[in-house]
Amino acid sequence: MILGVTLVVFFLSHVISDPIQLYLSPKNAGNPAAIAALRHAYGLDQPLPIQYVKYLQGLFTGDWGYSKLAGQAVYPAIAGRFPTTLELAIAAVILTIAIGIPLGIVSGVSNGKMADHLSRIFAIVGVSLPVFWLGLILKIVFFYDFKVWGLPSLPSGGSYDVLLADSLGWHPAITRIPILDAILSGNPTMLVDTSAHLILPAITLAFISIGNITRIMRSSMLEVLRQDYITLARSKGLSERVVIYRHALRNAMVPTLTVSGLIFAGLLGGAPITEFIFQWPGIGQLSINGILGGDLSLVLGYVFVTTIIIVVANLIVDLLYAYMDPRVRL
Amino acid sequence: MTRLSQSSEIEAAGAVESGEKPVLEIKDLRVNFQTYAGVVKALDGVMLRVGKGEALGLVGESGCGKSVTAATVEGLLPDNASVVGGQILLNGVDLLKKTKKQMRDVRVNDVAIVFQDPMTFLNPVLTIGTQISEVFDMEEEVVDREAAKILQEEGHASTNETSQNASVGAKRGKPKRALRKKALRRLSVEAMTKVGLTDPERLFDEYPHELSGGMRQRAMIAMAIARNPVVFMADEITTALDVTMQAQILDLLRTLRREFESSILIITHDMGVVASICDRVAVMYAGSVVETAEIHEIFNKPLHPYTQGLLKAIPHVVKENETLDSVPGSVPDLIYPPSGCRFHPRCSYAWDLCQQQKPPHIETQPGHWVECHLYKEEKKSDR
Amino acid sequence: MVAELRYALHLLTLNKLVLVGIGIAVTLTLVAMVGPFFVPSDTPIKLNFATGEAAQLGNPQISWAHPLGVDTYGRDMLNLIILALGLDMGAAGLVVGIGLLIGVLSGAFAGYIGGKIDELIMRVTDIFLALPLFIWAMAIAAVLSRNLNSLILALATVSWPGYTRIIRGQVLIEKGKPYVEGLQALGVSRARILIRHVIPNSIFPLLVQATLDIGGVILTIAALTFLGLALNPLIPELGALVSAGQTYIQINPYLITFPGLAIVLVSLSFNLVGDGLRDILDPRLRR
């Protein structure tokens, strides 16, 4: 499966466009002799299958080519930015689950009533919003308008205030995750700062995911509540609360959690647009810069990473499924 | 409730003569369902009496309203159903007038129901043990008593202390919870043994899909008897089982009846089941009970034309070259039911009155009720 | 049968939102198709830098002549949105259409024939499913030329796997039904059975998904054009409009609100319709 993906990526990179682009660093760009030498060094003058093998080798050893935009090799460039994306992804997922799941439960349980209708409207609107627009609108309100109205405004970009950090001599060095590092290094000012920066992008991302989760939670809740064993549970005289929480939820959670896992995996891909709007220095933003700047190797490296993440996530989700549903056990 | 009775089932059946107060009495129950094809008049004046300790069979074709009746008693009707008339008296108290919360108590203590298909009626993600325990969990005193017993056995306290601490609620913290769990487990295991489940300790921790059909059915029965209900309703519980398992389950029911003296309502379409365990039988057709009588009466002297047709349709094991009679026609549409007596289109004795008026529920002989214009009241019937 | 129809209709009316959704979707489609005829044909090219600059400096220029204001080049916003709607909705339609075509063919084929071919097709489908839609489209757009057509192509190539899965599942179900066996016994060719009988019966879930997808694809197209992947500021495009107005949001938020709202409306309406369809098709046992 992964092999298949690499095949496709390889196809794109080596067959469609001139692969030498992948390996040229600026200094060699204008020099035909150097280009020829590079071609030979990278085996680009050899037949395609061999090139493919070499490509695979490169992938495994971390040699993903050189990014002219980042001014460094692709792999460390991506790896370096990953923790920041991780922070955003985790924050968004936490928000999504914390709001989406209860909303879905309420919606499912009170099917047809006002609470249900409201939740559904909320969810559908959430799913219909373009990410970039939502981000911009939030920026307008919370950043610009707040300032105008004299309210403490949320920062508009970046994951932390670099100037402030410099003045404090602080640097996210431990885990490279800004908010975590602020906690770990016991720096309250930076903690506030990193949190403030985190809020808007996280909400933007979460808004849409919440829409999804709510719908799935609702429909699986409805499905479960129709089941016979729920009737039996009620016939035992159990209170409605117990019926819902002990009997219904256990069953209804399964599809929801698996979807959450997939959402998380998707978010790990960096939600490029959100990162772009909020200048969040993660791998998403990196990929966009790469695309706009025509930095092919960067982009391909990114595609590879995200695809791997999704495949792995799928595997984990399958395992999780087996864990939660005793019927599926090995 | 657990007094062991030496009397045979027939003796216990003598309980319902006219005048004797029945445990469960359904009077003129009418239930409608709101559907997109129209209003389904599912129950059209059901009259039913179950005496203390007796086993009443409720028979009829699919769709005649047997399950709906049971569901109404248990208070488990779906949202689109509405009770439009009648009473359900449990020891004289009208269940239909109870609030939701009160009904929950009723479900815990008084009326239990076991359903047909144990696979779909058991929660697949919870262990059997959990599902049985939660029934006991509703009764504080029972759990506390068991917990006290455990403490006594483990010699943790002298007799005085034990009785004082009998309310486990008095204790706090971890030991209390673990104790409770133990108590629940023992109670459940005890119930499982009573229904004939072998190796209950192991089964306690297993999941429904790991058990066989017969075992699951027993587990469901365990959940029902756990509360020593006054009335025990069994809705087609043998239908999904093969013949041997069927026999075992019926045996189990007989034993339980002797032990607990609960009244049992056995819903089935299988006359064989009725013959083997019931004291009396009520025959339902299209939303009403058309005939009720003791089992011998029904088989030897069926009064209602439908009952007669039903019995004629049963093949005799011994007879050869028998043509199977069946009741002509098919089950009526309950959205636009036939006027008057709902059976009249299929009845060979029908005449004008049958089309105009629904026959009253009358007692032609002591203990034998019919709804048919062919018969006049011989005794003054009581409501 | 009558009961079923009545039930379906009742469900529709019950969910007023769906009706709203259908209403909006139909209106928008009409606007997109017919509107351009009412828009002065030189709108996209008629640049009026004076008013454009005014808009950039914070004067949204909302008036009867310009009910939605004016964009950064001085063009009338309403006209632009009408034109852009047509373009974007058309693009989305194409993406979904092509995706459906490929998906239905491959999925039905795979499901019906079964065996090795089925496995092979499903493997390929899985691979494409694993690719993150958005990223992939970006990548392809980056590699190929940067215009709307390559975008459409890129998106279509990643959207078909979903349909393949759906229809394959449906076909498998249909295959097991007795009428197929009957037709085969009569000697009807497999292809004919597939095209004339099996596929029409499997269409419903596809329709639902396709409707929902139009909503989703519109968002993706908007996002991609927002990032500037289909350069050419003269072509009116919802995402591009938002992008152009980005730098001025502090002073003139209208530059992004109206195009954005248009996107939301389109997406919302199709999502509502798709949701409603799904509700109707859901195997509801009672109410």
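All values below were derived from every heavy atom in this structure, side-chain atoms included, with hydrogens, water molecules and symmetry-related copies excluded. By convention in this document, chain letters (A, B, ...) are assigned in the order of the sequence lines, proteins followed by strands, and residues within each chain are numbered from 1.
Looking only at distances, a side-chain donor or acceptor of B/Arg107 sits under 3.5 Å from a matching main-chain atom of A/Arg234. Of the possible donor and acceptor atoms, none in the side chain of B/Asn123 sits under 3.5 Å from a partner among the backbone N and O of A/Tyr229.
Interface summary for chain A: among B/Thr127, B/Leu122, B/Val135, B/Asp137, the most heavy-atom pairs under 4.5 angstrom belong to B/Leu122. The candidate from B/Glu134, B/Glu74, B/Met223 with the greatest count of non-hydrogen atom pairs under 4.5 Å with chain A is B/Glu134.
Interface residue B/Met220: only side-chain heavy atoms are found under 4.5 Å from chain A.
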Kindly indicate, with the supporting measurements, whether the criterion side chain to side chain contact (heavy atoms under 4.5 Å, CB included) is fulfilled by B/Leu126 and A/His247.
CA-CA 8 Å; B/Leu126 296 176; A/His247 286 261; 3.7 Å; yes

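The nearest pair of heavy atoms linking B/Phe121 to A/Asp228 is CD2-O, 3.4 Å.
Interatomic distance, CG of B/Leu76 versus CD1 of A/Ile230, reported as 12.0 Å (0.5 Å rounding). Atoms OG and CE, from A/Ser235 and B/Met103 in turn, are 10.5 Å apart once rounded to the nearest 0.5 Å.
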